[in-house]
Amino acid sequence: MFARITGVGGSLPGNPVTNLDLVRRGVDTDDEWIVSRTGIRSRYLADPETSSSDLALEAARSALLSAKTDAAEIDLIIVATSTPDCIFPGTSCLLQAKLGNKGAMAFDVQAVCSGFVYALTIAEKFIRAGGTKKALVVGAEVFSRILDWNDRSTCVLFGDGAGAVVVEASETPGILSSVAYADGAHHAILSVPGNVCGGKVIGDPFLRMDGQAVFRFAVRVLFDAAEKCCANAGISPCDVDWFIPHQANVRIINSTAKKLGIPPERIIVTVDTHGNTSAASIPLALSVAVADGRIQRGQKLLLEGVGGGLTWGAVLLEF
Ligand code: ACO
């Protein structure tokens, strides 16, 4: 019995916001700096009324439609997010209510940019263990809410969005291998350190990052995770049809792919137009490449992420 992706969907709020638009909004930056350092040309930013569960709902509906599945048939909902609608209940439960599903197990995963890879790995374990037949796995973020718009070294990097997949128990091959890791010793190089206590925000409520430390760490662990994940399935990373990495930065993506021997024409890149949408970035990239026909049924896909925690992981699957 395999866990197989049967539907894919994505959602982006509003219109693209270009690098020049950020300059016009008062960010002390320029297009050349952002493009040469990150490859990012635009991102989507949600209006203040739009929450992660709203974006998740749109992505989930489109994934359910493509899987020809009714929301009532879903028996597991996992939402990966670091920008939940509220402290509790989970964004997964809010999504469940919006979908009109009753009774599915629903919980959130907090593994930042690795969240989708973690959530997909968990869904696969539930399906393989028996009991769960159809899971909805979503990555949804409104990272614009946790950005310090006066910190040009971070605010230009991120965007908002959601991506979703339906994963079903199937005799046709699906997820072939997955790995997931964390090392909390590195928690300080990428964090939102603030908290809510006694009705007040205590500490810093914005994303802080040591960009160069994250860069070095990311390339090393993404290479390692891809090697281990593929080795478990007896294939080499350079044999996959498509590499769909977390979309943080084209330089991280290209350095990792080069080390793995994966040529540029087999990498799905959306960071240029979406920015870094954290847990949403991988399913969003997947949905774009399925919709435009690049990704076909039967192809081997290697998904991988790295993020705050630090956390990282990879999933190899036959689509
Ligand atoms: N526009 C113009 N200048 C800027 C900007 C900006 N947006 N941001 C920083 N600068 C300036 C700095 O002030 C500094 O100027 P100075 O030399 O006069 O002091 C100069 O650019 C260099 O700053 P650095 O921070 O050293 O820039 P660096 O070359 O390291 O690039 C970057 C920063 C793009 C963040 C890089 O470190 C990186 O790619 N890191 C990877 C981290 C990443 O992608 N994180 C995403 C989230 S984590 C994740 O998803 C896994």
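A quick note: this is a predicted structure, and the numbers were derived from the prediction, not measured. In listed order, ligands and their atoms are each counted from 1.
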*Atoms in ligand 1 with a heavy atom of C113 nearer than 4.0 Å*: 49 (C), 50 (O)
*Side chain, backbone, both or neither: which part of T29 has a heavy atom under 4.0 Å from ligand 1?*
both
*Does the protein put any heavy atom within less than 4.0 Å of atom 17 (O) of ligand 1?*
no
*asked:* Determine whether any protein heavy atom is located less than 4.0 Å from atom 6 (C) of ligand 1.
replied: yes
*Taking only heavy atoms of V156 into account, list the atoms of ligand 1 that are under 4.0 Å away from them.*
7 (N)
_Considering non-hydrogen atoms of the protein only, which is the closest contact for atom 36 (C) of ligand 1, and what is the distance?_
R251 NH2, 3.9 Å
_How far is atom 11 (C) of ligand 1 from the closest protein heavy atom, and which atom is that?_
R152 NH2, 3.6 Å
*asked:* Out of L190, V219, V23, who is nearest to atom 48 (S) of ligand 1 when you count heavy atoms only?
replied: L190
*asked:* Closer than 4.0 angstrom, basic N to acidic O: yes or no for R208 and D148?
replied: yes
*atom 46 (C) of ligand 1 [closest protein heavy-atom partner, distance rounded to 0.1 Å]*: N276 ND2, 3.5 Å
*Give a yes or no on whether a salt bridge exists between R4 and E168, defined as a side-chain N under 4.0 angstrom from a carboxylate O.*
no
*Is the Lys NZ or Arg CZ of R220 less than 6.0 Å from the centre of F217's six-membered ring, within 45° of the axis?*
yes
*Applying the side chain to side chain donor-acceptor pair (under 3.5 Å) test to S281, which of Q247, H274, H246 qualifies?*
H246
*asked:* If hydrophobic clusters are built from ILVMFWY residues whose side chains come within less than 4.5 Å, do V271 and I267 share one?
replied: yes
_Taking the side chain as everything from C-beta on, heavy atoms only, tell me whether L120 gets closer than 4.5 Å to F116._
yes
*List the closest protein heavy-atom neighbour of atom 22 (C) of ligand 1: residue, atom name, distance to the nearest 0.1 Å.*
R37 NH2, 4.0 Å
*In this structure, are over 12 heavy atoms from other groups packed under 6.0 Å from E171 atom CD?*
no
*Could you tell me whether R152 and D28 have a side-chain N and a carboxylate O separated by less than 4.0 Å?*
yes
*With atom 28 (P) of ligand 1 as the reference point, say which of E32, Q212, M209 has the nearest heavy atom.*
Q212
*Do me a favour and list the nearest non-hydrogen protein atom to atom 41 (C) of ligand 1 with residue, atom name and distance?*
G211 O, 3.3 Å
*Please report the shortest heavy-atom distance between L76 and A104, naming the atom on each side.*
N-CB, 3.8 Å
*Closest protein heavy atom to atom 27 (O) of ligand 1, given as residue, atom name and distance to 0.1 Å*: W33 CZ2, 3.9 Å
*For atom 39 (O) of ligand 1, closest protein heavy-atom neighbour*: N249 ND2, 2.5 Å
*asked:* What protein heavy atom lies closest to atom 51 (C) of ligand 1? Include the residue and the distance to one decimal.
replied: V306 O, 3.2 Å
*Nearest protein heavy atom under 4.0 Å from atom 2 (C) of ligand 1, yes or no*: yes
*Got a second to check how far L64's CG is from N101's CG, nearest 0.5 Å?*
9.0 Å
